[in-house]
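Notes for the one structure printed next.
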Amino acid sequence: MNDDLLSAGSDTARSAPPELPGPTRWSRRGFLNAAAAVGCATVSLGPAATAAASPRSAVHGGGTGGTGSSLFAELDAKIEEGMKAYAIPGAAVGVLWNGQEYVKGYGITNVDHPVPVDGDTVFRVGSTTKTFTGTTLMRLVERGEVELDAPVRRYLPDFSVADPYASAQVTVRQLLNHSAGWLGDDYQDFGPGDDALARFVASMARLPQLTDPGEVFAYNNAALCVAGRIIEVVMGTTYEAAVRKLVIDPLGLDHSRFSSDEIVGFNVAASHDVVDGKAVLEPSFWTQPRSLAPTGGLISSVRDQLSWARFHLGDGTAPDGTRLLSRSSLEQMRSKPGPGGTLVVELDGMGVTWMLRPTAQGPRIVQHGGTWPGQISGFLMVPRRGFALTLLTNSEGGTRLRDELFTDDWALSRFAGVTNLPATPKVLTSEELAPYEGRYIAQRINDKGAVEDTVIELHRHNGQLKGTQTTQKQITDPGVAFYRKDFGLDLDDEGRPVGTRSDFVRGPDGKVAWWRNHGRLHRHQTH
């Protein structure tokens, strides 16, 4: 329950932890309140310290790390306010900024069995796992064992989705930049065995093709599982073992693992639902199919996530000096975007698993993050500013705090001096809105292999689009306020912009063919 402090070039000192009553006199409510107010903070001052000092050597201290910067105090206050407002029991944050490194835990791991969160507490990081898959593949590219623009069938000769052309033509790069074109939300569970991923990829033969490979960005979890299977085949081992060997272990990410069996003894952030405005422990949220490991299976700490950012902002060497990737390969991962669009934010496109996000000032944001029930995370970097931010939370309420810190301009403007592209909602005429009106349908394959539909009706209303959803899945009563042609701000139930963005994709005939919402394609059916 102590704060950690590392100040480069100064003597280390240990301050006494706050005196606590004995267990028999310490009420559960009192423990929760105290734990929520105490974090674990680590700071390295100066570029030399960032390169030379390991954050794991941090000693215990007080406050917010003694950085001398009010920005970290503002960040603490922002996170603590969001945790209270959105029922988030525990969170951890990591920041690289102006040569300083900041790691801090907030709150508790579990409302029923409270333990303070610190920088080494492990959470599910969800889809940030994709960047580990992409980085592992880039290591194989540098070794000459994989080519990004080669067809998938060079490595998986039997690979197939429903469309024969896509099966034969899709490339490794298109898997990684989310332009493979088939239905991507496939969450089938093929058990805990080493063959889980192979069986998952074999089952994809029935996935329908939505767009031609390389043509349209649509978030694709299944494609990343194919990428993971390529790693298995090339390396001759399981996906998890390959990522450990090529990336995790060389970088010393000692609190990053794929299996719950490997985190016994770690401080684990349990998953929570939000019920009537309160966080409620929900153990069933934690379980994840092994078949989805390459797209979202990593368990990690915020300290390790910050080390991941430092590696990707660096020259490609591990802390011990071993070269893992060339600087040009790291830069390639965050350049050469595929097709653009929106995924909550506006995107130039995806590089090699990194979301590439424009700013009004020019410097590009390199971003990911993850969503798994009860485990919401964010991760972004602004390479030209030397800035990185990562956040892990253990509650469904974490989505709202993540939006405030990663989708909006709060952190970007303060730490990196950049902001989103401007988006002022407009009032359109009925004639202007008419091409967008209609029924939109998206599909997903659930963990039992069944197809589930999301059906949304968008109609003209007061110069905007108002939605009626006929199935209760990802979105409730959506709406869109356009800020430029085909691009809009999402609206809440009261018709107010919520900050997230979506867009409409036109077909070869110039007509609106899809609504891309949360990165998923909803097929347009006009009345």
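Residue pairs meeting the side chain to side chain donor-acceptor pair (under 3.5 Å) criterion with at least one member in residues 365-379, sequence neighbours excluded: Ser271-Gln375, Arg357-Gln367, Thr371-Arg402.
Note that the CZ atom of Arg523 and the CZ atom of Arg439 stand 12.5 Å from one another [nearest 0.5 Å].
Ring-plane geometry between Tyr436 and Phe482 is classed as tilted, the angle between the planes lying from 30 to 60 degrees on a 0 to 90 degree scale.
If you check the side chains of Asp447 and Gln188, you find no donor sitting under 3.5 Å from an acceptor. The closest side-chain donor-acceptor pair between Tyr106 and Asp76 falls under 3.5 angstrom. Between the side chains of Asp186 and Asn221, no donor N or O sits under 3.5 Å from an acceptor N or O. Neither side chain, Trp308 nor Ser256, offers a donor N or O lying under 3.5 Å from an acceptor on the other. Residues Thr121 and Asp118 have side chains that bring a donor and an acceptor to within less than 3.5 angstrom of each other. Side-chain contact annotation: Thr133 with Tyr239, donor-acceptor N/O pair under 3.5 Å present. In this model, no donor atom of one side chain and acceptor atom of the other lie less than 3.5 Å apart for Glu452 and Tyr187. Residues Ser127 and Tyr219 have side chains that bring a donor and an acceptor to within less than 3.5 angstrom of each other. Side-chain atoms of His518 and Thr500 form no donor-acceptor pair, as typed in the model, at a separation below 3.5 Å.
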Please list, one pair per line, the donor and acceptor atoms closer than 3.5 Å that link side chains of residues 348-355 to other protein atoms, with sequence neighbours excluded.
unit_1	atom_1	unit_2	atom_2	d
Asp348	OD2	Arg364	NE	3.1
Asp348	OD2	Arg364	NH2	3.1

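For the pair Arg257 and Phe266, the NZ or CZ position fails the cation-pi test of under 6.0 Å to the six-membered ring centre and within 45 degrees of the ring normal.
Looking only at side-chain heavy atoms (C-beta outward), His178 and Leu224 come within less than 4.5 Å of each other. With contacts defined as side-chain heavy-atom distances shorter than 4.5 Å, the pair Leu465/Phe504 qualifies. Counting heavy atoms from C-beta on, the side chains of Phe387 and Val418 never come closer than 4.5 Å. Annotation: side chain of Leu210 is not in contact with side chain of Val216 (no heavy-atom distance under 4.5 Å).
Summarising the geometry of Arg290 relative to Gly191, their closest heavy-atom pair is CB-O, 3.8 Å, with the distance given to 0.1 Å. For the pair Cys225 and Ser291, the tightest heavy-atom approach, listed with the atom from each and the gap, is SG-O, 3.5 Å.
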